[in-house]
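Below is one structure, written out as structure tokens; the observations come after it.
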Amino acid sequence: MESELILKTFENPWVQGIVNKIFTKGKEFLNDLNEKEKIQWGIAFEKYLKKTNESFSKTKTLLYRDTPVDIYDFYECISLLKAGETHIDTQEINNILNEGHKILITGLGGVGKTILMKHLFLNTIKTTNLIPVLIELRRINGKTVSDFDLKKYIIDTLKDYNLNLSEKYYDYTFDEGYYVFLFDGYDEVEDKLKITLKAEISKFSLKYNKNYFIISSRPSSEFISWENFLELKSLHLNKEQAISMIKKLKYDTKVKESFCKDLENGLFENYHTFASIPLLLIIMLLTYEATATIPNKLNEFYEQAFSVLFNKHDATKGLYTREIRSKLGYESFKKAFSYFCFRTYFESKYSFSHSEISFFITKINDKKLEIPEIKSRDFLYDLMYSVCMILEDGLEYKFIHRSFQEYFAAIYIRNLSDEKQKNFFKSYLNRGITNNDVSFYQILYELQRERFILNILEPFINEVEDNIDKKMKEMNYSKKRAFFEVQFSALEFFYNKNSKLLSFRNRMDSYYDKMNKFRFLIKNNFNVLKMFRLYKNFEKKFENNLPEILILDSTPNGNKIWEIIEENCLDDLMKDWQALKDICSQYSKKIENNKGFNSFLEDF
């Protein structure tokens, strides 16, 4: 297997090359270098290579949940898209490094970003003389915001993987740019940590700018403000890649052959939305064997997939009935799992220690869902082995994929009363920064379109409009000024003169976060993104003498800020807002018409 050969075939040349490079160049800066330390470095890098190879060359998946398998037994290299037109091959990391030192790789859930990052780690060893460092960002969740130090965390990670150097050698190798830092899963970081993490990444990458920095995440318009990072978008599988991936899998040969034949003969084109995403392609294979049909809608697809996984599944032995230790029937199990997903999703928990996942499972009994009482140990076993929704990864438990968590969280909310939905989302949307996954809201919308408008969007719009009217009366503001004051109250602009960047805090982030959840309804990117590019206009207006902090108030500087905002983006922001209002109004009319017809129908 290729990843095993990396350790055997490339270990000595890579270790030797790294050590020689550090030693030869380091003698110019470090006076106390000697041959003994050179040998110690070699031993340290060999230990690092061995342990990281063991950690990153194999993984558990939906199909291979019991035993980790070599990633190259199923991985198909995806391509990246630069500036909407240039395709970048990811088979070799040098193709990415040639694009620059600071790279963002964004892609929807299920496209294989985490496996890509592991591949890039292994390929760095195979094809470069750089030191790869893979940081799984979800592991920083739970850290204290005030004392989080990215440099210390990176060094601690290196030491955890047996790369033990003295502090001065870490500093020297950081300064000289010997590393490729791979930060996986920015979108999985808790909201309270994201601002700190972003600042730490910015500071670390600015100070040690000779190194390479690659960050993976789901798409987010937040990245518009990461102006020093080049965003590359993950492309989906094409038909040839999808068929190649299926052929690699250790699965029933006849089923694979039949499935590949149908993919070749139109199934891929008919179900491109599913078949082009690796995770969903595997689920397609499972449902294809069990039912010989694939649903057209994503919600129905997840429902059918869960049904197949619940009732019958073993990847390597064909389909057979698996014991449900919790003794729950299908509907009861789905109800329990939906609450588990709801609770964990809205607490931004995507991975768990054993005590954490046990805690959330016990909360299912506390909720009194009108299902038999469950034992934590049995339900956890079912999540891991009977329905394959949770994977055990070392000392950590995580969802097989977050898309299932989102779907079943939406299922739980769909079953709440209208009053409870309204109260929940009023509180949730008003609390500030929230989960930034548009996909969850789109799933919920597809599950209950009318109720989504009436219980979530309409109350949100009405509350904002009431506050705008109130502000106009109290302050005698124009509609535009009142709209901006309500949506961006306490807005401050922090200008970094050294990096020439303008960042936004407080309600700017909160407003975008709220609006972003509904962007799929108007099918465009909100013009709020223009806000992130205003600093050049601020520079011009202030004649390049921007104060450190700009506050929108009644002072001359505050009035200048208002003028720039009004000139550059306010009309666009209000157009987006009006578009949402129009959609809400259209749905409300349809709902009223339906009510009238249904009432008329009752008379007959």
Side-chain angles (χ1 to χ4, degrees), residues 61-63 72-91 105-116 119 218-219 232-309 313 315 319 400-404 406-407 438-439 442-443 445-447 449 519-521 523-525:
T61 71
L62 180 62
L63 286 183
Y72 295 109
D73 283 354
F74 64 88
Y75 179 62
E76 192 72 27
C77 284
I78 57 176
S79 296
L80 303 175
L81 188 65
K82 173 187 174 184
E85 53 185 30
T86 305
H87 288 215
I88 298 171
D89 187 349
T90 63
Q91 290 193 48
I105 296 177
T106 60
L108 299 176
V111 298
K113 297 183 296 295
T114 293
I115 301 298
L116 169 63
H119 159 69
R218 290 191 181 192
L232 304 177
K233 298 181 179 180
S234 301
L235 291 175
H236 293 183
L237 300 174
N238 58 36
K239 183 161 66 175
E240 290 71 26
Q241 289 174 316
I243 292 172
S244 173
M245 177 180 155
I246 293 297
K247 287 180 177 179
K248 291 178 182 179
L249 300 175
K250 293 178 181 178
Y251 201 79
D252 185 281
T253 302
K254 290 183 179 179
V255 175
K256 287 199 303 181
E257 289 176 352
S258 177
F259 187 56
C260 287
K261 183 178 180 181
D262 285 351
L263 285 173
E264 185 66 52
N265 294 329
L267 186 66
F268 181 86
E269 287 78 11
N270 293 338
Y271 292 92
H272 179 265
T273 304
F274 305 149
S276 61
I277 297 178
L279 174 71
L280 301 186
L281 178 63
I282 290 174
I283 296 173
M284 273 185 73
L285 176 65
L286 300 179
T287 57
Y288 177 88
E289 180 183 12
T291 66
T293 60
I294 309 293
N296 287 314
K297 293 185 177 180
L298 189 60
N299 292 339
E300 295 171 0
F301 178 76
Y302 280 121
E303 186 71 33
Q304 182 170 304
F306 184 75
S307 176
V308 169
L309 293 169
H313 173 58
L319 299 178
I400 189 71
H401 200 271
R402 281 175 57 193
S403 55
F404 280 101
E406 293 164 347
Y407 172 73
V438 180
S439 55
Q442 194 159 2
I443 288 170
Y445 172 73
E446 292 298 335
L447 285 171
R449 291 193 175 197
R519 77 177 185 207
F520 65 89
L521 290 171
K523 294 180 172 54
N524 76 334
N525 288 319

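On a predicted model such as this, the values are computed, not experimentally measured, just so you know. These numbers come from the heavy atoms of this one structure, side chains and all, not from hydrogens, waters or symmetry mates.
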Pairing residues for E257 by the salt bridge (Lys or Arg N to Asp or Glu O under 4.0 Å) criterion, not counting sequence neighbours: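 For E257, no residue satisfies salt bridge (Lys or Arg N to Asp or Glu O under 4.0 Å) once neighbours in sequence are set aside.
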
Tell me, with the steps shown, if L80 and S234 meet side chain to side chain contact (heavy atoms under 4.5 Å, CB included). CA-CA 5 Å; L80 303 175; S234 301; 3.9 Å; yes

Taking K247's backbone N and O only, do any of them form a donor-acceptor pair with K256's side chain (distance below 3.5 Å, no angle check)?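 Yes, because the side chain of K256 sits within donor-acceptor range (under 3.5 Å) of the backbone of K247.
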
Does S307 use its side chain to pair, donor to acceptor, with the backbone of E303 at less than 3.5 Å?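 Checked: no pair found.
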
What's the spacing between [X] [atom1] and [Y] [atom2] if we round to 0.5 Å?
{"X": "Q304", "Y": "K297", "atom1": "CD", "atom2": "NZ", "answer": "14.5 Å"}
{"X": "K233", "Y": "S79", "atom1": "NZ", "atom2": "OG", "answer": "15.5 Å"}
{"X": "L309", "Y": "Y302", "atom1": "CG", "atom2": "OH", "answer": "12.0 Å"}
{"X": "D262", "Y": "S258", "atom1": "CG", "atom2": "OG", "answer": "5.0 Å"}
{"X": "I282", "Y": "L285", "atom1": "CD1", "atom2": "CG", "answer": "8.0 Å"}
{"X": "Q442", "Y": "E406", "atom1": "CD", "atom2": "CD", "answer": "11.0 Å"}

Are the side chains of [X] and [Y] in touch, meaning some heavy atoms are under 4.5 Å apart?
{"X": "E76", "Y": "I78", "value": "no"}
{"X": "M284", "Y": "F301", "value": "yes"}
{"X": "I243", "Y": "F259", "value": "no"}
{"X": "T86", "Y": "L81", "value": "no"}
{"X": "T287", "Y": "I294", "value": "yes"}
{"X": "K248", "Y": "Y72", "value": "no"}

Heavy-atom closest contact ([X] atom, [Y] atom, distance):
{"X": "I283", "Y": "F404", "value": "CD1-CZ, 3.3 Å"}
{"X": "V308", "Y": "L286", "value": "CG1-O, 4.0 Å"}
{"X": "G107", "Y": "P219", "value": "O-CD, 3.4 Å"}

Side chain to side chain contact (heavy atoms under 4.5 Å, CB included) evaluation trace for F74 with I115: CA-CA 10 Å; F74 64 88; I115 301 298; 4.2 Å; yes

Any residue meeting side-chain hydrogen bond (donor to acceptor under 3.5 Å, both in side chains) with T114, in chain and number order, not counting sequence neighbours: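 Scan of T114 (side-chain hydrogen bond (donor to acceptor under 3.5 Å, both in side chains), adjacent residues dropped) gives D184.
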
Taking side-chain hydrogen bond (donor to acceptor under 3.5 Å, both in side chains) as the test, write out the residues that go with E446, two or more places apart.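 For E446 the side-chain hydrogen bond (donor to acceptor under 3.5 Å, both in side chains) partners, ignoring immediate neighbours, are R449.
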
Pair L108-R218, side chain to side chain contact (heavy atoms under 4.5 Å, CB included): steps then yes or no: CA-CA 5 Å; L108 299 176; R218 290 191 181 192; over 6 Å; no

Run the numbers on E289 and Y251 for side chain to side chain contact (heavy atoms under 4.5 Å, CB included), then give the verdict. CA-CA 11 Å; E289 180 183 12; Y251 201 79; 2.5 Å; yes

Around atom CD of Q91, are there more than 12 heavy atoms of other residues, nucleotides or ligands at under 6.0 Å?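 Not more than 12 within 6.0 Å, no.
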
Output all residues satisfying ring pair (Phe, Tyr, Trp, His ring centres under 6.0 Å) with Y271, sequence neighbours left out; order by chain, then residue number.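 Ring pair (Phe, Tyr, Trp, His ring centres under 6.0 Å) list for Y271, sorted by chain: empty.
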
Taking only residues two or more places apart in sequence or in another chain, which ones pass ring pair (Phe, Tyr, Trp, His ring centres under 6.0 Å) with H87?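 Expected list: none.
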
In residues 272-281, what donor-acceptor pairs under 3.5 Å come from side-chain atoms, sequence neighbours left out?
| residue | atom | partner | partner atom | Å |
| --- | --- | --- | --- | --- |
| S276 | OG | H236 | ND1 | 3.3 |
| S276 | OG | H272 | O | 2.6 |

